[in-house]
Structures are given as C-alpha cells and as structure tokens.
Amino acid sequence: MSILVQDSNKTACRAAEAGLQQKNCAALVRPAGTGKGCIVWELLDAHPEMRVLWVVSCAARLELRRALTKRLGRTLGGRVRLMSCEQLAVQNALGWVALAEFRPGLLVLDGWREMSAKDWTDCVQPLFRLCPGAKLLALGEPDAPGDSCRAAEEMLADAIVEPLALGGAMAEGLLPMPASYTALLWPLEDAMARLRAEVKNLHLPSCPDPNAEKYQALSLAVEKLPPVEQLLAQWLPDAAGRCLVLCEDDAAAAQTAEQTEKLFGAGTHIYKDAEGFAADEAATLRLLVCANGPAVQSPLAGISGVVLVRRSAGPAAYRQMLARALAACGSVPVAELSAAFEALTCVQQLRKECSAAGAEAFPLEEPLSACRRAYRLGALLCRRKADDGRGKDAGRASLLPLWGRGRGPLAGKPAPCPGRKEKGASHRRAGRPAGQNRHELEKAARAGVGERLRFGPEVPRQPQRPAGAGPL
C-alpha cells in the first residue's frame, strides 16, 4: 500500500521516477515538512532490488531521516545506507573502498541547497567518481537562505520536477495554515532609528521632502501604540501553555532568551532543548527558544502558539522558518516579531500566493487596528533597493521622479537619473525648459548622503542666468 496520501506528492513521485528513467537525475524542490522523505521511500518500495546511498547535509537532518525511517517501519543498514556530509568527510581509504564495493544504484542528496562548496568538493564529487553509473535524486527547499553551491545549482537547475512554493503547499493541504497571524515590530526603537536614517540619506538638497512629513505622522502613530509586551499578552492563546519561539539565527535566539521575561512576563520557563521542554508540566507559560535549523521541524505536541523572531527583511528565511514551524506544531496562532518595516510585507505576499493557488488565505489579525495603519505607513517609507547596476547612487536616483513632483521649476517633470546619458539636446526635449541645468541636479544627488533631515517645506533653488545675459 502506498505511503503517500496527498495527490501532489503522488504526482511528484511519478515525475521524479520519470526523470530518473529519462535523465538519470531528478530534483524535488518543496518546502520543509511536505513529505519529500516519504516520496523517497515510495520510490524505494517500487524498486526493492536497488541499493541506495542516502547522503544528508548535516547531523540534524540525519536524525530527522532516522526518525522518519522508524515511524514508517523501515530499516537502514541493508540496501539503504544513510550518511551525513560530516561522516563522508572523515572517511578513510577503507571506508571509501567499502562504499565502492557497496555499488549504489541511486544517490540521494538530501538538503543539497544547504551543502557548501566544500561539502560538494570533499563529499559529493568523489561519490560521482566512485559511482559513475548511479542515478541521482536531490531533495531541497525552495526558500533556503544563504548562498548554495554554484556547481550544484548549475547541475540540478534543469532536473527540478514538480516544484512547489509555500503558498501552494498550504493550499494543497501539505502544510497547515496558521490559525491566525499577528505581525509586530520588535525592537521598535531600532526599526524607527533605521527608518529615520533612510529618510535622511534619501533627502536631496533644494528639493521638497514629502518623506519627512510621513515620518512625522509615523512617529506620532507609533507613540500612541501600546508596548510590545502588552500586545504579546493580548495575543497569547494560553497564558499557561507551551509556545515555540523560533529565531532566525543564533544571535537572535540569544537576544530573545535574555529578554524573554521582559517580553512575556516574570515566571516564564525558558528551554533550549526539546526534552526538558516536553517534560515540564508546570501551570505557567513555557517557551522553547531555538534558532532556525532542520531539527526545528521535528513534531512537537501540545503547542498553543508560535513566535517568529526575524532580523532580516528577506522572504527566504521567513518562509523557511514558517514552513518548519507549521510542520512541527500544526495549525496554531502565529506571531511575528520583525526588526524592520520591510519584513512586514512578506506575510501579505504569502497570503496572495495562497489565494492565487485557490485556497482561502489565513486570517491576518492585529491586537489593535492602529498597529496595522502605522506599520503600513512605515512600509511605504522604506527605501526600495535598486539592483540595476547603476552604482551607489541608484537608490536615490530611483526616487528622483518622486521628488520632482513638488513645487518650483521641477514640478510635474521627472528628473534624470545620475549617470544615464540623455538622448538628444536638452533644449529640444518637450519636458525640460531651456535654462534648466541637469548637472546641478546630478551633483546634488551625489552629495545628498550627509544632508540633514528638514521637516519643513523648502523653496527650490532657482537656476541663475549666466553672466552677461542682459536684462530679462
């Protein structure tokens, strides 16, 4: 009987088997907790004579696969050997000879996007030379933060079959949706300081600054908000329950553990290991604080809520953290503590992805409606990073058209981008007066980094007539 329940996994299993038959190579790129390991065992059950060498990226993923094997009632050590990159790296000559005599017909690279270039050079490529006739099946996640090995990406780019994103996994029922979702800024002072620095750096001299007025409105709105501690107390589903606090990295986990009592109140029990966390039966709030990693997706029982602590604004780490938390805890309320305004837009994109996949998006809630209005205003103020290769002034240059809509001679006229060559003579262009000096505007854009933030309207500088031009 098949161990696959969802139709999406059955389709992916058939596509992977077809890729192995036609190209001797297939890659499954799906979120954490969607059943990639079960797909591998389904393939192995269909080919009982095949010998398999299953290589995982780290020790934590090794324990995950051992637990899955035990849960499915399968055995390791016979025709299926499970090893990690660390174990392969310390193999001696006799160990490599034993692997050559094993003669695997299938190599499984589990977590290939987590493997570094050193792992690929020291472990994977020797396996390719050792087993030239073996087929290759790679397992990876679509939202893996950091830089993966370029050689692996180039090799497996054309072998990906049935790719699946996080929103599609939620829509198809492979991952549960959050019961509710709350997004908050923490630490709020750091986020406001970074936003103020962005507004100051993006201000051009001799031009109106509408961002300053928006920043003032945002500051007033944020001052009226309750502290994060009070908002978290309103969000907590169970004041005496168990919660998973998943942090983006080890530094964020250490900072959160130090300030846990300030955030969640005195008397909170804090754990860094799952064994002690599961054994605590006290009638108080119990928190498991850990950093993002493959071991997080191990199932946890009795969880009443999940808190995601983010430090970066990129969607890759966010989606990976949320997928692992949902795989471990199921459909529970989720609270996000982000350190940047830009990060608050990730959940909106995920909800749109779920709706586009044909499912009703999970509810987005805030303790107070003023929070959402203030955060939306802050997101509008965030600087959009331009990566079009125009140098360090590209970010300010991309906002010049916005600043050119103020009062004065630049009103209603888009300003040029520094470094871009204009076509045709400037006095022949329809939108530019003959006396306007474009080079002064470019010089002001390059010198605008250290300018001081001005909160009042400013009269733009009028272009001067050249000497000897005579009266008007």
Side-chain angles (χ1 to χ4, degrees), residues 1-58 60-76 78-84 104-115 134-144 152 155-176 294 297-299 319-320 323-324 326-328 357:
M1 188 177 66
S2 175
I3 60 176
L4 300 179
V5 178
Q6 293 84 359
D7 293 337
S8 176
N9 283 345
K10 293 179 181 179
T11 304
C13 182
R14 291 192 294 267
E17 186 171 9
L20 292 175
Q21 293 294 335
Q22 298 171 6
K23 302 179 181 179
N24 292 332
C25 182
L28 293 174
V29 180
R30 303 163 80 83
T34 53
K36 295 187 293 294
C38 294
I39 292 177
V40 175
W41 279 110
E42 182 74 11
L43 289 173
L44 299 186
D45 292 344
H47 301 276
E49 75 287 348
M50 182 181 294
R51 295 182 179 182
V52 180
L53 179 59
W54 196 330
V55 181
V56 297
S57 58
C58 58
R61 193 169 290 278
L62 185 68
E63 295 300 325
L64 280 177
R65 295 313 178 197
R66 286 174 177 170
L68 175 65
T69 303
K70 183 178 180 181
R71 187 166 67 249
L72 295 177
R74 305 300 195 271
T75 57
L76 295 171
R79 69 183 185 97
V80 180
R81 294 190 181 182
L82 182 63
M83 301 183 69
S84 65
L106 177 65
L107 294 177
V108 179
L109 297 183
D110 196 349
W112 60 275
R113 284 185 167 170
E114 300 171 2
M115 297 179 182
K135 300 179 180 181
L136 176 63
L137 177 61
L139 310 179
E141 300 178 11
D143 306 302
M155 178 181 177
L156 299 172
D158 298 333
I160 297 177
V161 294
E162 295 295 326
L164 187 64
L166 179 57
M170 291 182 178
E172 295 181 8
L174 297 177
L175 284 176
Q297 64 192 71
S298 299
R319 287 170 173 259
Q320 187 183 68
R324 290 173 173 175
L326 294 175

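We use all heavy atoms of the structure for the numbers below, so side chains are in, but hydrogens, waters and symmetry mates are not. This chain uses plain numbering: 1 for the first residue, then up along the sequence. Keep in mind it's a predicted model, so treat the numbers as computed, not measured.
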Step-by-step side-chain contact (heavy atoms from CB on, under 4.5 Å) determination, Met83 to Val56: CA-CA 6 Å; Met83 301 183 69; Val56 297; over 6 Å; no

Leu107 vs Lys135, side-chain contact (heavy atoms from CB on, under 4.5 Å): CA-CA, chis, key distance, verdict: CA-CA 6 Å; Leu107 294 177; Lys135 300 179 180 181; over 6 Å; no

side-chain contact (heavy atoms from CB on, under 4.5 Å) evaluation trace for Leu76 with Arg81: CA-CA 6 Å; Leu76 295 171; Arg81 294 190 181 182; over 6 Å; no

Pair Ile39-Lys10, side-chain contact (heavy atoms from CB on, under 4.5 Å): steps then yes or no: CA-CA 8 Å; Ile39 292 177; Lys10 293 179 181 179; over 6 Å; no

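Between Ala12 and Arg30, the shortest heavy-atom contact is CB-NH1, 3.6 Å. Of all heavy-atom pairs between Asp45 and Arg79, the closest is N-NH2, 4.3 Å. Annotation for Ala16 and Leu28: closest pair CB-CD2, 4.3 Å, computed over non-hydrogen atoms. For Leu64 against Pro294, the heavy-atom pair with the smallest separation is CD1-O, 3.0 Å. Summarising the geometry of Asn9 relative to Thr34, their closest heavy-atom pair is ND2-O, 3.0 Å, with the distance given to 0.1 Å. Between Val29 and Arg113, the shortest heavy-atom contact is CG1-NH1, 3.7 Å.
Using a 3.5 Å distance cut-off with no hydrogens or angles, the side chains of Glu141 and Gln320 do pair a donor with an acceptor. Side-chain atoms of Glu162 and Thr11 form no donor-acceptor pair, as typed in the model, at a separation below 3.5 Å.
Counting heavy atoms from C-beta outward, Leu136 and Leu156 have side chains that approach closer than 4.5 Å. Between Leu20 and Cys25, every side-chain heavy-atom pair lies at or beyond the 4.5 Å cut-off.
Side chain of Lys23 to backbone of Ala18: no donor-acceptor contact under 3.5 angstrom is found.
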